[in-house]
Amino acid sequence: MKCLLIASESAEVLFYWTDPEFLQNVQSQYEASQEDGQGLPAFEDSISTLFAPIIISCSTMVDMLEDSYASFTTENNHIYILHQFDECLYIAVNGDGEEGEGDLRRKIYVMKKMTEVLFGMVTLSSSLLRKELRPQDTEQRARLWKLLQSLLETYSHLRENDQSFLVEAVERLIHPTLCEQCIEFLERRLVQQLNSSAERAGEEVMHAFILVHTKLLAFYSSRNASALSTSDLLVLIIMAQNMYPSNTDVDDPNPEDVESTSGSGPDSFYTPEPSPTDRDSSSSGDKVRGGVPVFEFLDPDVQMAEDSLRTLEVPQPDPSTPRRVFLDVSLKDVLYPMMPHSMYCLPLWPGITLVLLTKIPTSAVAMSVYTFLEAFAKLEKRLSEGLEGSAATRGQRTIHDVRSKLDKFIKALGPSEIQSRQLQVDWTEFKSLAFTRGGPAFSKDLIASCRKMTTQLCGVYRQCFLLQSGSSDIPQRLSPGLQERAQSMVREKLMDWKDFLLVKSKRNITMVSYPVSRIIQLAVMPCDLTYLEDFPGLIHFICVDRSTGQMIAPSLNLTERNTSELGTGPLAHFIKRKVWSLVNTTRRYLQKGFSTVTLRDGDFYFCYFLWFENETGFKLEAGDIPVLPDDSAPIGMLAWDYYRKLLRYYSKNHQGEVVKCYELLTVHLGVIPAEIILQHCRQLASKLWEPSRNPLL
Amino acid sequence: MTELMLPDSRRCTYFFLYDGRRVKGEGDPTREGICYFYPEETPLDKQELLCGQLAGAGRCVSELSSSPVRVLRLRHNTFSIRMKDDFFWALGCSVEVSTASVCELLDQLINLFCFYNGSVRRSYQLNSQETLAGRWAWYLSHLQSGSLELHHIFSCLRTIDSTNIDPLLLLKAALILQACQRCPLVAAGCILFRGRVVSTQMSPDLTMKARRSNGPNTVSSTTVFLTTSELQYLQSAPVDKDFSSRTTPHKSTPTRKSRLSRTLSDTPSTESEPSDTGSSQSPQKVSSGPRSSCSSVLSPDPSHSFAEPPTQQLEPPLSNGKHSPEAEEEVLDESYYHSFHSNRDEAGQMHNEGDGSLFGENSHANGGGGDGDTACGTVFDFIGAEESHGDNVLQEVSRGVRGKVPGHSAEIPDPPRAAAFDHQGECPLVPMTLYLHRVKGLVLALLVEPHFLSDTESMEEVYHSSLASLNGLEAHLRSISPGAPGPPGPYIFAHFDCIQSTLTTNLSGRAGGAPERPFVRATSLLHSHFCNTETLQEAIIRSAGAAVYGTRSVAQETYFQQHGGSLRNSGIPNHQDSAFSLPGKARHRLLKHGVNLL
């Protein structure tokens with residue numbers, strides 16, 4: 001029984017997602033109270049009514065006590081996690097024991113991150129975000145919620161099944177030669193050709209990467225691009241997976257599956273009819289497939305709504321329309337969050353996708369808007385802290401600088417289609433309040449005016465980047481022809497590798513395959529050297545380079561028909577469950593400042609290490625790790641980059657040095673003596689990231 | 001001894017009891033529902049706000065999940081919640097305190113209240129809100145009274161430092177208790193010295209409740225209420241089964257798996273009594289029907305505790321124990337006979353033996369020093385004083401505790417015997433009597449059958465058979481200077497006995513206790529991990545400043561931290577790392593504390 005709800009302070013539902021059980025539970029509560037002859041209220045209304053007392057109590061608590069609810073746990077172990085971002089209250093519920101508090105909190109933060117990637121700086125204005133999340137037009141609303149729901153489901157599926165989403169780091173396909181070739185191909189052929197084409201309509205490809213399922217085969221960033229953050233990359237992988245779900249769980253995708261996945265183009269977020277294959281009937285545990293929401297609507301009314309939703313899919317949006325995404329950009333050491341990009345997700349074969357990220361011609365506007373927003377936000381913060389006069393503006397670029405720039409900015413907007421009259425009005429008002437004859441008068445009275453400016457600036461941003469293609473002129477995007485050309489170029493390049501890649505992505509490395517370093521070092525692979533033999537008693541490991549956001553782990557193939565080293569069925573599932581819970585456990589200890597953990601649990605021995613190195617591989621002394629409160633943002637890289645903060649914290653004492661951070665998790669048989677286990681860990685730690693490793697991002 | 005306490009020594013930041021039944025109507029002000037609010041100086045507006053919001057949001061969540069809320073977390077406070085019977089309890093601690101201990105604290109508090117007052121609903125019908133407020137406040141401060149933070153983490157009993165004490169004294173204490181148990185009306189007992197447990201025959205939970213403050217040197221008694229599972233546990237003890245099982249309602253499943261390791265005469269109990277004997281002998285007891293459906297106050301049956309309106313199906317409860325005085329008397333006679341004819345001599349003998357050996361040895365040890373003399377003097381003074389008006393006291397006590405005896409004035413007035421059965425929604429609580437005999441810092445607490453008080457002979461017997469020994473024990477315990485905290489050792493450990501709920505530690509809580517904070521924090525984390533993961537056997541965790549090893553078995557948990565030796569390391573796996581030698585060191589070092597990890 002799961003649910004995620006976003007509500008405004010007045011208990012208006014801004015978004016919800018539920019699993020069938022929760023839906024049923026809510027409906028049964030209404031059935032009980034409903035008089036005969038009256039139909040059930042719309043689900044959206046039911047859920048709003050049920051949660052309203054909590055939501056309203058929440059804002060009362062904030063207003064009166066400056067405290068608010070963080071969680072509820074009931075005696076039958078239902079968990080409710082609440083978190084407020086500005087004026088939006090997120091509530092995540094679990095009633096089936098499958099998710100803990102940490103998982104739910106993470107889900108909330110991931111949802112928040114998704115809205116940032118989809119709506120950019122509009123999320124900085126609560127009133128605009130509210131309108132964006134809950135469009136007046138019911139059709140539009142249904143379509144948007146459907147998209148968000150399926151993104152959330154894709155994420156949940158990946159978090160529960162994919163190790164890279166478990167530890168929130170990107171997994172690369174380990175095949176150095178092919179990777180290198182592909183990167184070269186992307187750089188020399190693809191991106192160069194695209195960026196020199198006249199059909200690119202002013203867009204410029206900044207990043208290009210090839211995904212095999214969720215794993216990265218090759219990633220190329222153009223020279224003038226800023227690095228793509230791991231957090232953004234992970235969200236983009238979720239979005240790509242959502243558009244083109246891959247059936248990593250089945251061995252031989254049958255033709256029907258292939259059809260259903262390749263048939264759906266970008267921007268179509270309806271539910272494909274689940275094909276009644278034997279897979280569906282046999283694996284009831286894997287009911288929720290990535291990107292395929294399984295809604296068992298029992299009520300005819302709801303079913304009707306569902307049907308009408310389907311008809312809404314027509315006319316289908318043009319598949320060559322890119323998705324607008326907002327990604328972090330750092331230019332000259334200044335971070336500009338949520339800068340507009342276009343994302344082109346081009347399917348090559350089922351399971352293999354080419355993703356292009358382009359910078360759009362007007363993105364400079366976004367940078368200006370961000371600068372202004374930041375200035376107003378800082379001013380508002382200081383004013384509400386009680387600082388007035390010049391103290392309110394200390395430490396930021398002079399307010400006069402902002403003033404002249406904003407004047408110019410508004411003037412420049414003037415002749416364009418963008419409606420900026422209200423911005424102009426509010427700006428004039430702000431100026432008359434702030435810059436009176438006797439010099440700047442920064443007092444508390446200005447707070448309201450600051451907020452108005454924020455809203456107006458966000459509004460302009462919204463017109464520029466969210467509604468832009470709605471107008472009549474030629475859509476700004478790489479032409480469909482150009483997209484097709486790119487697609488076929490890469491297809492051609494990978495044609496011979498396609499089947500290999502699909503298999504490889506499922507067995508990137510396995511416990512019976514060869515240690516990474518050996519692949520690189522030895523031309524002829526000796527067949528007798530494997531992890532199992534090098535490290536007797538080692539069952540599983542995960543190694544993460546947190547500085548680059550990449551991970552390596554043997555594949556856990558649970559549905560493999562041919563036996564893997566872990567066997568199939570219950571044992572493999574058992575190990576998987578252990579690994580998943582181990583990651584949660586170690587995060588809990590890390591949150592409380594413990595960077596080394598060893599556990600003897602049943603028949604297993606688990607180890608976890610986090611350490612720092614400098615660029616040359618010299619191990620740095622373990623430092624203090626900040627102790628965080630229980631309800632702090634989740635430890636990971638997807639929704640909130642904990643490790644970037646940790647590295648910054650640690651680097652304070654290592655000025656002028658590049659500090660790297662690594663994590664190693666191992667699972668051993670409990671009968672192996674601890675000394676041997678620790679030796680294994682040490683060897684793994686040095687072996688996996690030795691200098692001869694893959695060329696990284 | 002200064003002890004490591006939380007900065008402001010109050011773990012609890014808020015506690016309130018809110019009665020939803022008093023605020024049914026639309027216009028009823030929230031304040032009507034507030035039965036008790038701590039801290040009492042909180043402005044009424046804020047009290048209303050917290051009670052109203054928390055109770056409202058709590059109800060909403062429990063309706064959504066069809067289950068009462070157990071934990072409610074705010075950004076700055078963790079609240080343990082109990083929703084039962086229209087009552088809403090909330091106890092809030094700062095977020096640093098682990099959730100498990102917040103829940104434990106609330107459970108203890110409610111149980112303590114019910115132990116001394118019986119049903120909460122009934123108590124509020126019988127007593128003024130002010131009286132009960134005083135009691136809540138007292139129980140709350142009692143539960144929070146200064147002890148190591150570690151004690152709170154494990155919610156364990158505070159025991160006397162057994163390493164500092166002649167084991168024979170512990171034996172003597174155990175023997176005193178056994179001697180008292182010879183009287184069949186005595187179910188079980190415990191001996192406390194300055195609030196710390198010396199010896200107990202009761203479950204840790206019960207011992208914790210019986211542990212009350214020191215009073216004047218006197219004998220007193222008070223009515224207490226036991227849950228059926230507690231009662232059953234008591235009666236599963238191998239003492240005079242014939243009698244003590246008399247009031248036990250038949251229950252098929254014992255709720256506690258483990259038993260206290262009793263001192264000497266521990267024999268396996270035969271659990272099953274013929275189930276119908278109780279009902280056939282005293283049919284009126286059948287009226288307490290819901291007993292069997294309620295397992296205990298601690299884990300209320302969800303179907304009872306929530307959403308189900310109580311149905312009036314039982315006859316007025318006052319009938320209990322009043323309808324068949326004959327039956328009671330018969331049993332009484334029998335018990336009387338039994339105790340004084342079959343056990344008496346033996347008891348006396350054992351007693352004398354115990355006394356003799358102890359006193360002999362001890363006078364040796366003391367070398368006839370002043371300490372011993374004064375102790376003896378006091379004892380005899382006391383006896384003299386008691387004898388002059390001893391009969392009086394005993395008589396008064398036997399009339400039932402009505403708060404007239406000086407020693408009783410501080411005691412809680414006796415609620416009607418059947419108070420526990422008045423409300424069907426609650427698990428039945430069975431009234432018993434707690435008999436307390438104080439000798440300065442020493443307290444003998446005995447759980448006795450209520451009619452013990454009317455049985456003058458039994459009372460005198462118990463009183464006189466234990467008086468001398470108690471005086472002697474008190475004198476000896478008092479003469480032992482609390483061992484000065486040794487110099488900070490090269491290691492810290494904490495050893496928790498889960499069965500007896502006792503803690504052994506060399507953590508002294510020296511002023512500040514700063515170097516020990518990391519150990520306490522790590523222990524708290526590991527303890528909750530052990531609680532949540534049944535299969536976890538041992539763990540080593542390390543932060544920049546401290547490496548702590550924790551290990552557990554079915555019966556115990558042990559935590560160990562080695563001081564000194566630089567912890568400088570890179571954090572990368574290294575088998576030569578000192579953190580990984582902790583298990584070996586712990587095994588070696590802790591042997592001398594009587595902790596065997598082999």
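This one's a predicted model, so the numbers in the text were calculated from it and none came from an experiment. Letters go in sequence order (proteins before strands), and every chain restarts at 1.
B:Glu538 places no side-chain N or O within donor-acceptor distance of the main-chain N or O of A:Leu599, the cut-off being under 3.5 Å. Judged purely by atom type and a 3.5 angstrom limit, A:Asn76 uses its side chain to pair as donor or acceptor with the backbone of B:Ser65. At least one donor-acceptor pair closer than 3.5 Å links the side chain of A:Gln29 to the backbone N or O of B:Glu63. Within the 3.5 Å criterion, the main-chain N or O of A:Thr596 finds no donor-acceptor partner in the side chain of B:Arg542. Between the side chain of A:Asp67 and the backbone N or O of B:Arg75, at least one donor-acceptor pair lies under 3.5 Å.
For A:Thr585, the part lying near chain B is the side chain, with the backbone staying farther off; criterion is any non-hydrogen pair under 4.5 Å. In this structure, chain A has a heavy atom under 4.5 Å from the side chain of B:Leu49, while its backbone stays farther away. Using a 4.5 Å cut-off between heavy atoms, A:Tyr69 contacts chain B through both its backbone and its side chain. Both the backbone and the side chain of A:Ser595 come within contact range of chain B, judged by heavy atoms closer than 4.5 Å. Residue A:Leu620 touches chain B through its backbone alone, counting heavy-atom pairs closer than 4.5 Å. Looking at A:Glu101, only its side chain comes within 4.5 Å of chain B, counting heavy atoms on both sides.
To the nearest 0.5 Å, atom OG of residue B:Ser581 and atom CD of residue A:Glu675 are 10.5 Å apart. Here B:Cys60 contributes atom SG and A:Phe72 contributes atom CZ; the two are 8.0 Å apart, rounded to the nearest 0.5 Å. Atom-to-atom distance recorded for B:Asp577:CG and A:Phe609:CZ is 8.0 Å, nearest 0.5 angstrom. Rounding to the nearest 0.5 Å places SG of A:Cys607 at 6.5 Å from CZ of B:Phe580. With rounding to the nearest 0.5 Å, the separation of OG in A:Ser68 from CD in B:Gln53 is 12.0 Å.
With respect to chain B, the highest number of heavy-atom pairs below 4.5 Å among A:Ile56, A:Asp630, A:Leu590, A:Asp631 belongs to A:Asp631. Per-residue heavy-atom pair counts under 4.5 Å with chain B were compared for A:Thr598, A:Val597, A:Asn25, A:Asn77, and the maximum is reached by A:Thr598. The candidate from B:Leu536, B:Leu526, B:Leu72, B:Ile572 with the greatest count of non-hydrogen atom pairs under 4.5 Å with chain A is B:Ile572. Taking B:Gly58, B:Gly550, B:Ala57 one by one and counting their heavy-atom pairs under 4.5 Å with chain A, the maximum is reached by B:Ala57. Between chain A and the residues B:Val69, B:Leu54, B:Val61, the largest count of heavy-atom pairs under 4.5 Å involves B:Val61. Of the listed residues (A:Tyr589, A:Phe612, A:Phe604, A:Phe606), the greatest number of heavy-atom pairs within a distance under 4.5 Å of chain B belongs to A:Tyr589. Among A:Arg588, A:Met61, A:Glu613, the residue making the largest number of heavy-atom pairs under 4.5 Å with chain B is A:Met61.
The two atoms that bring A:Phe594 and B:Ser543 nearest to each other are CD2-N, 3.5 Å, heavy atoms only.
Residues forming a salt bridge (charged side-chain N to carboxylate O under 4.0 Å, His left out) with A:Arg587 (at least two apart in sequence, or on another chain): none. Partners of B:Phe37 according to the ring-ring contact (aromatic ring centres under 6.0 Å, His included) rule, which considers only residues two or more places apart in sequence or in another chain, are B:Phe16.
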**OP:** List the steps and the verdict of side-chain contact (heavy atoms from CB on, under 4.5 Å) for B:Arg73 and A:Leu82.
**Re:** CA-CA 10 Å; B:Arg73 226 196 294 277; A:Leu82 295 88; over 6 Å; no
**OP:** In sequence, state the C-alpha distance, the side-chain angles, and the governing distance for A:Glu66 and B:His76, and then conclude on side-chain contact (heavy atoms from CB on, under 4.5 Å).
**Re:** CA-CA 10 Å; A:Glu66 287 169 356; B:His76 308 304; over 6 Å; no
**OP:** Under the side-chain contact (heavy atoms from CB on, under 4.5 Å) rule, what do B:Gln537 and A:Asp601 come out as? Steps first, then yes or no, please.
**Re:** CA-CA 6 Å; B:Gln537 297 147 34; A:Asp601 185 345; 6.0 Å; no
Original post:
Does the side-chain contact (heavy atoms from CB on, under 4.5 Å) test come out yes or no for B:Arg521 and A:Val627, once each step is laid out?
Top reply: CA-CA 11 Å; B:Arg521 245 208 344 257; A:Val627 177; 4.0 Å; yes
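Atom CG of B:Asn532 is surrounded by more than 12 heavy atoms from other residues, nucleotides or ligands within 6.0 Å.
Partner of B:Leu64 under the side chain to side chain contact (heavy atoms under 4.5 Å, CB included) criterion, out of A:Val93, A:Ile47, A:Ile54: A:Ile54 alone.
Side-chain atoms of A:Leu65 and B:Leu50, non-hydrogen and from C-beta on, do get closer than 4.5 Å to each other.
For the residue pair B:Ser67 / A:Glu75, no side-chain donor-acceptor distance below 3.5 Å is found, with atom types taken as modelled.
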